[in-house]
Amino acid sequence: MRANSSNRVCNSLALLQIVAADRETRPLFLKAHIPLLLYPFLNTVSQDRPFEYLRLTSLGVIGALVKVDDAEVINFLLQTEIIPLCLRIMETGRELSKTVATFIVQKLVQDEMGLAYICQTADRFYAVSSVLAKMVATLQQNPQPSIRLLRHVIRCYLRLADNARAREALRQCLPECLQAAADPQMHPEPVAACLGEETRQRIATSCSCCRPSASGEAAATTCGRALRAREAGFGFLVDLR
């Protein structure tokens with residue numbers, strides 16, 4: 001795809017973002033199922049700039065929808081493939097696309113419907129938690145991690161910890177750097193450090209396996225054990241959809 005073609009489409013998508021953000025036009029926007037027309041752009045895997053711009057602008061339209069905290073928007077999106085699409089971008093996209101995709105997942109999980117949806121089955125929870133863990137590992141290896149992206153990731157963990165079953169599973173698969181006390185190297189900004197510590201404390205509540213031992217080491221410190229989350233708190237769940 002040529003840059004000028006991508007730019008024309010992005011300009012049109014920018015207009016759709018205005019429609020999606022407006023209180024009066026948003027219901028009609030959803031009723032017409034216009035967000036579904038953006039999913040082919042989100043489904044692209046090319047890292048070329050024209051495709052990246054298309055993905056980013058399309059994410060901006062979905063981001064404008066979820067930003068308003070509208071239950072109708074959440075209900076609509078949960079009936080589509082938006083979460084798998086965002087998870088793939090969170091894992092393989094460029095930093096800005098990752099940030100917007102993570103913001104969308106964060107807004108979905110902050111809603112009660114979204115949290116219940118993700119925590120309804122082991123597969124859904126594992127899909128989200130494994131991508132979040134990979135992102136934390138990538139950010140930890142980066143000498144200058146994106147603080148904004150880190151905030152969104154930690155807020156996703158923090159919200160997941162509000163669900164009892166997810167909280168049990170996170171005790172097995174929370175990344176090591178978030179299980180330990182706030183690390184200034186990982187959290188160079190006070191807000192991110194505070195969110196990380198709050199997540200650790202919430203998950204570790206009444207959990208002896210996550211408390212530091214006499215040697216100062218935590219019993220559950222390997223994010224590679226994320227697979228055990230399928231059995232820790234979700235093994236008995238049935239997919240009702």
Side-chain angles (χ1 to χ4, degrees), residues 30 35-36 38-39 42-43 59 62-63 65-93 97-139 149-175 178-179 195-196 198-200 202-205 207 223-241:
L30 296 176
L36 300 182
L38 309 180
Y39 288 9
L42 299 180
N43 203 31
L59 286 170
I62 306 300
L65 283 173
V66 300
K67 191 175 182 180
V68 296
D69 296 325
D70 187 332
E72 184 180 358
V73 170
I74 302 299
N75 183 57
F76 174 87
L77 292 176
L78 291 179
Q79 298 180 53
T80 71
E81 295 298 311
I82 189 60
I83 291 181
L85 289 171
C86 283
L87 290 179
R88 185 167 69 178
I89 294 172
M90 289 161 62
E91 195 169 5
T92 63
S97 290
K98 284 184 176 183
T99 302
V100 181
T102 309
F103 169 77
I104 293 171
V105 172
Q106 173 196 324
K107 297 297 288 185
L108 290 173
V109 77
Q110 282 179 340
D111 185 90
E112 290 295 334
M113 283 189 296
L115 180 63
Y117 177 87
I118 291 175
C119 297
Q120 185 180 27
T121 70
D123 287 340
R124 289 177 190 166
F125 171 82
Y126 178 69
V128 173
S129 62
S130 60
V131 170
L132 291 175
K134 290 176 183 177
M135 294 180 72
V136 170
T138 301
L139 287 167
L149 179 55
L150 179 59
R151 279 193 222 167
H152 292 316
V153 170
I154 295 178
R155 281 171 178 156
C156 287
Y157 274 123
L158 191 59
R159 179 56 173 155
L160 287 173
D162 285 335
N163 181 278
R165 291 163 178 163
R167 188 162 56 247
E168 289 294 328
L170 285 172
R171 288 169 181 166
Q172 301 292 333
C173 65
L174 190 70
L178 296 182
Q179 290 185 21
L195 288 172
E198 185 177 351
T199 303
R200 184 192 68 81
R202 185 174 301 186
I203 294 172
T205 300
C207 176
C223 56
R225 291 191 293 180
L227 189 57
R228 292 175 57 186
R230 293 174 178 266
E231 302 171 355
F234 292 83
F236 58 90
L237 291 179
V238 178
D239 190 348
L240 301 178
R241 290 186 61 82

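Here, residue 1 is the first one in the sequence, and each next residue gets the next number.
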J.: Could you tell me the separation between the CD1 atom of Ile83 and the CG atom of Leu77, rounded to the nearest 0.5 Å?
T.: 9.0 Å
J.: Return the minimal non-hydrogen interatomic distance between Thr80 and Tyr39, and the atom names on each side.
T.: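 So the minimum-distance heavy-atom pair works out to OG1-OH, 2.7 Å.
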J.: Rounded to the nearest 0.5 Å, what's the gap from CG on Leu150 to CE on Met135? Could you check?
T.: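 Here the rounded value is 9.5 Å.
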J.: Report yes if the side chains of Val131 and Val105 come closer than 4.5 Å at any heavy-atom pair, otherwise no.
T.: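 Not touching, per the 4.5 Å side-chain cut-off.
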J.: Can you sort out the partners of Thr138 under side chain to side chain donor-acceptor pair (under 3.5 Å), two or more places apart, ordered by chain and number?
T.: none
J.: Which heavy-atom pair separates Tyr157 from Ser129 by the least distance, and what is that distance?
T.: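 So the two residues come closest at OH-O, 3.7 Å.
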J.: Given salt bridge (charged side-chain N to carboxylate O under 4.0 Å, His left out), test Arg165 with Glu168 step by step and report yes or no.
T.: CA-CA 5 Å; Arg165 291 163 178 163; Glu168 289 294 328; over 6 Å; no
J.: Could you walk me through whether Leu65 and Leu30 satisfy the side-chain contact (heavy atoms from CB on, under 4.5 Å) test, starting with their C-alpha distance in whole Å, then the side-chain angles of each, then the deciding distance to 0.1 Å, before giving a yes or no?
T.: CA-CA 9 Å; Leu65 283 173; Leu30 296 176; 4.2 Å; yes
J.: Do you know which two heavy atoms are closest between Thr102 and Cys156, and how far apart they sit?
T.: O-SG, 4.1 Å
J.: Gln106: what forms a side chain to side chain donor-acceptor pair (under 3.5 Å) with it, not counting sequence neighbours?
T.: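 By the side chain to side chain donor-acceptor pair (under 3.5 Å) rule, Gln106 matches His152.
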J.: Can you list the residues that meet the side chain to side chain contact (heavy atoms under 4.5 Å, CB included) rule with Asp70, with sequence neighbours excluded?
T.: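 By the side chain to side chain contact (heavy atoms under 4.5 Å, CB included) rule, Asp70 matches Arg26, Val68, Glu72, Val73.
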J.: Measure the CG-OG distance between Leu149 and Ser97 for me, rounded to the nearest 0.5 Å.
T.: 11.0 Å
J.: Compare all side-chain heavy atoms of Val66 with those of Phe103 and state whether any distance is below 4.5 angstrom.
T.: yes
J.: Measure across Ala127 and Ser130 and return the closest heavy-atom pair with its distance rounded to 0.1 Å.
T.: O-OG, 3.2 Å
J.: In Å, rounded to the nearest 0.5 Å, how long is the span from CG of Leu174 to CZ of Arg167?
T.: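 Going from CG on Leu174 over to CZ on Arg167, the span is 13.0 Å.
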J.: Heavy atoms only: give me the nearest Ile89-Ala101 pair and the separation to one decimal.
T.: CG2-CB, 4.0 Å
J.: So, using salt bridge (Lys or Arg N to Asp or Glu O under 4.0 Å) as the criterion, who are the partners of Lys107 when residues are at least two apart?
T.: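 With neighbours one apart ignored, the set is Asp69.
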J.: Tell me, please, which residues at least two apart from Val109 pass side chain to side chain contact (heavy atoms under 4.5 Å, CB included).
T.: Leu115, Ile118, Arg159, Leu160
J.: Would you compute the distance between atom CD of Gln110 and atom CG of Asp162 and round it to the nearest 0.5 angstrom?
T.: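 The distance works out to 9.5 Å.
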J.: Kindly give the heavy-atom pair with the smallest separation between Ile74 and Gly114, and that separation in Å.
T.: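 Scanning both residues completely, I find the closest heavy atoms to be CG2-N, 4.3 Å.
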J.: Using salt bridge (Lys or Arg N to Asp or Glu O under 4.0 Å) as the criterion, list what pairs up with Lys134, not counting sequence neighbours.
T.: Glu91
J.: Would you give the length of the straight line joining atom OG1 of Thr99 to atom CZ of Arg151, rounded to the nearest 0.5 angstrom?
T.: 11.0 Å
